[in-house]
2 protein chains.
Amino acid sequence: MNEVLQILKKNSLSVTEGRKKILELFIASEGALAHADIEKQTSNNFDRVTVYRTLQTFVEKGIIHQIPTTDNSVLYALCRHNCEQGHHHDNHVHFICSNCDKTICLDDVTVPQVKLPEGFTPLQSAMVVTGICLDCA
Amino acid sequence: MNEVLQILKKNSLSVTEGRKKILELFIASEGALAHADIEKQTSNNFDRVTVYRTLQTFVEKGIIHQIPTTDNSVLYALCRHNCEQGHHHDNHVHFICSNCDKTICLDDVTVPQVKLPEGFTPLQSAMVVTGICLDCA
DNA sequence: CTATTTTTGCAATACTGTTGCAAGTATTTG
DNA sequence: CAAATACTTGCAACAGTATTGCAAAAATAG
Ligand SMILES: [Mn+2]
Ligand SMILES: [Mn+2]
Ligand SMILES: [Zn+2]
Ligand SMILES: [Zn+2]
């Protein structure tokens with residue numbers, strides 16, 4: 001059975017053209033996608049608003065996760081660690097290539113623990129590494 | 001001599017009301033500031049555009065640094081490690097309190113090294129930890 | 001197939017960020 | 001110190017990004 005359908009069903013989401021298409025994009029994509037990327041690759045098919053709402057739904061359901069950036073954009077990528085509704089555990093490192101600008105999930109590289117000052121309680125950690133990626137080496 | 005003047009002089013920046021005021025805000029502030037915070041705290045004094053340009057200049061000069069977030073906003077905080085023109089070395093961990101929402105530079109906590117897969121060359125690393133801060137503990 | 005629930009597109013609106021340019025301010029020079 | 005120069009600011013216009021309400025359309029449940 002189709003992977004896309006499986007994911008939507010598992011999360012009890014209605015199966016619609018928009019959701020199928022956007023999920024396909026994520027599955028096909030090597031790196032992370034920004035809202036703008038998705039708009040571009042689906043232009044004229046769906047309204048901007050639908051894209052916003054779909055991304056939001058997917059994040060809530062634990063289908064995709066957000067990647068922090070320093071430039072007023074948010075990137076999204078597929079969760080591969082069985083995340084669930086309101087309970088992500090994508091604690092892997094993200095890599096941004098400064099040459100080709102791709103953002104890649106290093107699913108096998110875990111964010112290391114870090115010793116915080118007295119009084120700070122950590123709940124979640126994110127790590128973003130910039131540099132030169134495999135393809136651009 | 002005034003800290004604010006000193007910083008501006010050291011970076012060969014003209015001393016203007018806007019720059020003085022914004023720099024004061026950063027020095028006075030416990031946590032990091034977003035563009036919107038600054039606008040609020042200086043409203044009617046300076047044009048939005050001036051705030052954008054000032055922040056940009058300060059980042060370039062190594063007076064403030066950017067902190068990545070996951071919500072389409074960029075935060076800024078004072079550099080305390082003698083950063084220079086085009087050459088930041090703020091490799092410390094940032095902490096976001098999920099209770100009071102403050103973002104704090106943990107200047108003494110260095111971002112740990114991490115072993116990347118074959119072929120990836122790291123240049124810079126950022127780490128953001130969310131949790132409960134000292135004040136909210 | 002029909003009833004119900006959910007999703008979508010549109011329109012309106014607000015927020016965010018960028019640029020060129022003329023006027024204003026700060027700094028340098030004599 | 002005043003004039004000349006260099007730099008910064010505000011304004012206006014514009015482009016891009018995000019949010020909401022609501023009616024129409026589509027999907028699911030019965
Ligand atoms: Mn990821
Ligand atoms: Mn910092
Ligand atoms: Zn690359
Ligand atoms: Zn707090």
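Chain A is the first sequence line, chain B the second, and so forth, proteins listed ahead of strands; every chain is numbered from 1.
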Against the side chain of A:Thr16, the closest entry in C:dT7, D:dT9, D:dT28 is C:dT7

Return the nearest nucleotide to the side chain of B:Asp47; candidates are D:dG10, C:dT7, D:dT20. D:dG10

Please tell me which of the listed nucleotides, C:dG17, D:dT9, D:dT28, lies nearest to the side chain of B:Thr54? D:dT9

Assign each of B:Val15 and B:Ala36 to its nearest nucleotide of DNA chain C by heavy atoms, then name whichever residue's nucleotide is nearer the 5' end. B:Ala36

Select from A:Val74 and A:Glu17 the residue whose nearest nucleotide in DNA chain D is closer to the 5' end of that strand. A:Val74

C:dG17 base to B:Arg53 side chain: any donor-acceptor pair below 3.5 Å? no

For the residue pair A:His92 and A:His65, does the interplanar ring angle fall in the parallel (under 30°), tilted (30 to 60°) or perpendicular (over 60°) class? perpendicular

Whole angstrom value for the distance that separates C1' of C:dT25 from NZ of B:Lys20: 12 Å

With respect to the side chain of B:Val49, which nucleotide from C:dC10, D:dC11, D:dT9 is positioned closest? D:dC11

For A:Gln56 and C:dT8, what is the distance between atoms CD and P respectively, to the nearest whole Å? 12 Å

Counting heavy atoms from C-beta on, name the nucleotide in C:dG9, D:dG10, C:dT7 closest to the side chain of B:Thr50. D:dG10

From CG of A:Leu23 across to P of C:dT7 the rounded distance in Å is 15 Å

If only atom types and distance count, is the side chain of A:Thr69 paired as donor or acceptor with the main-chain N or O of A:Val74 below 3.5 Å? no

Let me know the distance between CG of B:Leu13 and P of D:dA6, rounded to the nearest Å. 18 Å

Would you mind reading off the distance between B:Lys9 atom NZ and D:dC7 atom P, rounded to a whole angstrom? 16 Å

Quickly work out the A:Lys61 NZ to C:dT7 C1' distance and round it to whole Å. 14 Å

Can any side-chain N or O of A:Thr54 pair as donor or acceptor with the backbone N or O of A:Thr50 at less than 3.5 Å? yes

Measure up the B:Phe26 and B:Tyr76 rings against each other and bin them: parallel (under 30°), tilted (30 to 60°), perpendicular (over 60°). perpendicular

Kindly say if A:Asn72 contacts the phosphate of C:dG17, meaning a side-chain N or O under 4.0 Å from OP1 or OP2. yes

Can you find an N or O donor on one side and an acceptor on the other, under 3.5 Å apart, linking the side chain of B:Arg48 with the base of C:dG17? yes

With the side chain of A:Tyr52 defined as its heavy atoms from C-beta on, choose the nearest nucleotide among C:dT27, D:dA18, C:dT8. D:dA18

Starting at atom CG of A:Asp71, determine the distance to atom C1' of C:dT18, rounded to an integer number of angstrom. 15 Å

Round to a whole Å and report the spacing from CG of B:Asn45 to P of D:dT9. 13 Å

More than 12 heavy atoms of other residues, nucleotides or ligands under 6.0 Å from CG of A:Asp71: is that the case? yes

